[in-house]
Participant: 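Pasting a structure below so you can have a look.
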2 protein chains.
Amino acid sequence: MDSLQKAISDISPLSAESMKMFCSAWKNWQVPKNYFLLKENTVSDYIYFIRKGIVRIYYFKNEKEVTEWIALDEQFFLSITSFFQRKPSHLIIQTIEPSDVYGIYHNTLMALADQYHDVERLLRKMVTLSLIFSQERMDRIQFESAQHRYEKLLQTTPEIIRRVPLTYIASFLGITLETLSRIRSHK
Amino acid sequence: MDSLQKAISDISPLSAESMKMFCSAWKNWQVPKNYFLLKENTVSDYIYFIRKGIVRIYYFKNEKEVTEWIALDEQFFLSITSFFQRKPSHLIIQTIEPSDVYGIYHNTLMALADQYHDVERLLRKMVTLSLIFSQERMDRIQFESAQHRYEKLLQTTPEIIRRVPLTYIASFLGITLETLSRIRSHK
DNA sequence: CTTACTATTTGACAAAAGTCAACTCAAAAT
DNA sequence: ATTTTGAGTTGACTTTTGTCAAATAGTAAG
């Protein structure tokens with residue numbers, strides 16, 4: 001529970017009581033490789049935190065898989081649209097490695113956010129951080145070459161390249177597997 | 001003040017007291033065309049609401065203007081990074097038409113969010129909505145053809161195409177002016 | 001009504017990335 | 001040990017969009 005608690009505190013401090021209530025609301029699962037945390041057309045009930053392992057979040061667009069996000073190392077992740085709007089998800093969340101995952105149930109979280117002002121604030125800050133990531137990512141995808149995007153990923157999260165199959169990395173970078181392969185062989 | 005209040009209520013209801021305090025915290029400006037609401041390298045102090053008029057939010061990338069967002073018709077807008085992280089903005093916000101604009105000051109908003117739980121919740125919901133837009137936009141830019149993106153914009157917000165110069169629309173769609181011109185002439 | 005300026009269009013060519021198919025290599029299964 | 005399978009690479013070719021330059025249309029100012 002320790003690393004989750006730290007991740008929370010890093011985003012926004014909570015009072016002792018809120019922290020106690022909030023932390024104890026998370027469930028923990030040990031899930032194998034290729035396990036589905038969220039299946040297509042299901043309403044997503046959890047915000048997750050990955051303590052160890054890797055998951056990818058993807059969807060199908062014209063029969064092809066598009067990787068929207070890859071989470072590892074003490075990161076939070078969720079299907080934003082489905083979780084907050086309570087709609088069936090077009091996103092799929094699947095582990096890439098055996099993983100140690102925490103999750104907080106939608107209704108539980110919302111009840112806590114209603115009850116504790118500081119939990120609501122924490123939630124707001126979490127969403128704000130996601131938004132900042134999302135904008136940065138969009139900027140990169142729109143205006144930087146595939147090569148540059150790959151190099152950036154290599155620089156910021158080399159872990160991903162070591163632990164995730166290239167097919168997924170390619171689609172995370174918004175390019176085809178072949179293009180990625182060519183970029184990699186250029187030196 | 002009416003249309004602002006409606007826009008707020010549509011996102012999240014506020015108690016009578018919160019609503020009164022919150023609404024009265026907004027300032028109003030009538031600004032001419034081409035007016036800068038936010039200049040480069042300035043910390044952004046406001047969340048804005050545009051009651052009438054149009055603004056565009058853009059930045060420079062390799063000496064070229066990139067339009068990140070175009071807001072019109074009762075929309076909220078802001079420089080997310082700068083406003084929330086209190087960092088000088090690489091974004092520029094400029095009106096495209098004479099506009100009727102409301103703004104709430106950073107410290108005022110944060111004080112209200114601290115004081116009133118429901119204002120914090122409203123803020124969280126606003127950020128969540130932005131995040132959903134941002135993700136949808138990224139998906140479109142990454143996986144739909146320029147033509148498709150243009151048609152979608154034409155369908156959803158034809159207002160923008162009527163009232164905004166094509167240069168800005170092109171860069172909002174993530175394409176060059178020439179490409180946009182060709183798409184338009186194809187029928 | 002002209003001039004000057006800006007916005008938009010068009011053409012010729014180049015670059016980036018995608019598509020499809022064949023091939024290599026290594027790991028897993030028999 | 002051999003076969004099967006899946007991941008990744010490579011080649012040839014196509015498509016989409018960008019770039020640069022020139023032409024045209026549109027608008028505002030004198």
Side-chain angles (χ1 to χ4, degrees), chain A residues 32-35 54 56 58-67 70 94-98 137-154 158-187, chain B residues 32-35 54 56 58-67 70 94-98 137-154 158-187:
Chain A
K33 185 174 169 172
N34 294 326
Y35 183 85
I54 307 196
R56 72 183 180 113
Y58 64 100
Y59 60 99
F60 284 93
K61 180 113 187 181
N62 312 324
E63 289 89 51
K64 284 186 186 160
E65 287 186 5
V66 173
T67 301
I70 293 174
Q94 194 177 13
T95 54
I96 287 182
E97 290 179 358
R137 174 134 192 265
M138 175 153 60
D139 181 57
R140 255 176 265 138
I141 283 185
Q142 195 170 3
F143 299 107
E144 294 185 0
S145 67
Q147 168 130 6
H148 200 155
R149 274 177 272 158
Y150 174 73
E151 279 161 11
K152 191 97 175 196
L153 184 66
L154 197 55
E159 273 300 279
I160 287 184
I161 287 155
R162 251 176 287 137
R163 288 159 66 187
V164 177
L166 290 185
T167 322
Y168 304 154
I169 293 174
S171 108
F172 183 48
L173 290 171
I175 58 182
T176 59
L177 173 62
E178 292 94 328
T179 300
L180 177 57
S181 177
R182 287 185 178 109
I183 288 169
R184 282 161 60 87
S185 69
H186 281 336
K187 29 175 190 159
Chain B
K33 187 174 167 171
N34 294 328
Y35 182 84
I54 308 197
R56 72 182 180 113
Y58 64 101
Y59 61 99
F60 284 94
K61 179 115 191 179
N62 313 322
E63 288 90 51
K64 286 185 185 160
E65 288 186 4
V66 173
T67 301
I70 294 174
Q94 194 178 11
T95 55
I96 286 182
E97 291 180 358
R137 176 134 190 266
M138 174 152 61
D139 180 59
R140 254 175 265 138
I141 282 184
Q142 195 171 1
F143 299 105
E144 292 184 2
S145 67
Q147 168 132 5
H148 200 156
R149 276 176 272 156
Y150 174 74
E151 279 162 12
K152 191 95 175 197
L153 183 66
L154 197 56
E159 273 299 279
I160 287 184
I161 286 154
R162 249 175 288 136
R163 288 158 67 186
V164 177
L166 290 185
T167 323
Y168 304 154
I169 292 174
S171 108
F172 182 48
L173 291 171
I175 56 181
T176 59
L177 174 61
E178 293 93 330
T179 301
L180 177 57
S181 177
R182 287 185 179 110
I183 288 169
R184 284 162 58 86
S185 68
H186 280 334
K187 39 181 182 145

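Side-chain atoms are counted along with the backbone in the values below, which use heavy atoms only and exclude waters and symmetry mates. Naming convention: chains lettered A, B, ... in sequence-line order (proteins, then strands); numbering from 1 in each chain.
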Participant: In whole angstroms, how far is the P atom of C:dA17 from the CD atom of B:Glu144?
Facilitator: 19 Å
Participant: Is it true that A:Arg163 and A:Glu97 make a salt bridge, defined as a side-chain N closer than 4.0 Å to a carboxylate O?
Facilitator: yes
Participant: Measure from CG on B:Leu180 to P on D:dT17 and round the result to the nearest Å.
Facilitator: 12 Å
Participant: Under 4.0 Å between a side-chain N/O of B:Ser185 and OP1 or OP2 of C:dT10, yes or no?
Facilitator: yes
Participant: Rounded to the nearest angstrom, tell me the gap between atom CD1 in A:Ile175 and atom C1' in C:dG18.
Facilitator: 11 Å
Participant: Quick one: label B:Leu177 by what it contacts on the DNA or RNA (base, sugar-phosphate, nothing), any heavy atom closer than 4.0 Å.
Facilitator: base
Participant: Quick one: B:His148 NE2 to D:dT16 P, roughly how many Å, whole number?
Facilitator: 14 Å
Participant: Whether the side chain of B:Thr67 engages the backbone of B:Ser171 through a donor-acceptor N/O pair (distance < 3.5 Å, no angle test) should be reported.
Facilitator: no
Participant: Is the closest side-chain heavy-atom distance between B:Phe172 and B:Arg137 below 4.5 Å?
Facilitator: yes
Participant: For D:dG8, does the base pair up with any side-chain atom of A:Arg182 as donor and acceptor (N or O, under 3.5 Å, distance only)?
Facilitator: no
Participant: If you only use heavy atoms from C-beta on, which nucleotide in C:dC20, C:dA17, D:dG8 is closest to the side chain of A:Leu166?
Facilitator: D:dG8
Participant: For a quick test of reading the model: is some side-chain N or O of B:Thr176 closer than 4.0 Å to OP1 or OP2 of D:dT17?
Facilitator: no
Participant: Please pick, from C:dT8, D:dT17, C:dT9, the nucleotide with the shortest atom-to-atom distance to any side-chain atom of B:Ser181.
Facilitator: C:dT9
Participant: Return no unless some side-chain N or O of B:Thr179 is found under 4.0 Å from OP1 or OP2 of D:dT17.
Facilitator: no
Participant: Quickly work out the A:Tyr150 OH to C:dA17 P distance and round it to whole Å.
Facilitator: 15 Å
Participant: Are any side-chain N or O atoms of B:Gln94 and backbone N or O atoms of B:Arg56, one a donor and one an acceptor, separated by less than 3.5 Å?
Facilitator: no
Participant: Between C:dT8, C:dC20, D:dT17, which one does the side chain of B:Ala146 approach most closely?
Facilitator: D:dT17
Participant: Rounded off to whole Å, could you give me the CZ-to-P distance for the B:Phe143 and C:dT19 pair?
Facilitator: 11 Å
Participant: What is the separation between atom CD on B:Gln142 and atom P on C:dA16, rounded to the nearest whole Å?
Facilitator: 19 Å
Participant: Is the backbone N or O of B:Pro32 less than 3.5 Å from a side-chain atom of B:Thr95, with the two atoms forming a donor-acceptor pair by type?
Facilitator: yes
Participant: Take the protein atom CZ of A:Arg149 and the nucleotide atom P of C:dA17, then report the distance between them rounded to whole Å.
Facilitator: 6 Å
Participant: Quick one: is D:dT19 close enough that its OP1 or OP2 comes under 4.0 Å of any side-chain N or O from B:Lys64?
Facilitator: yes
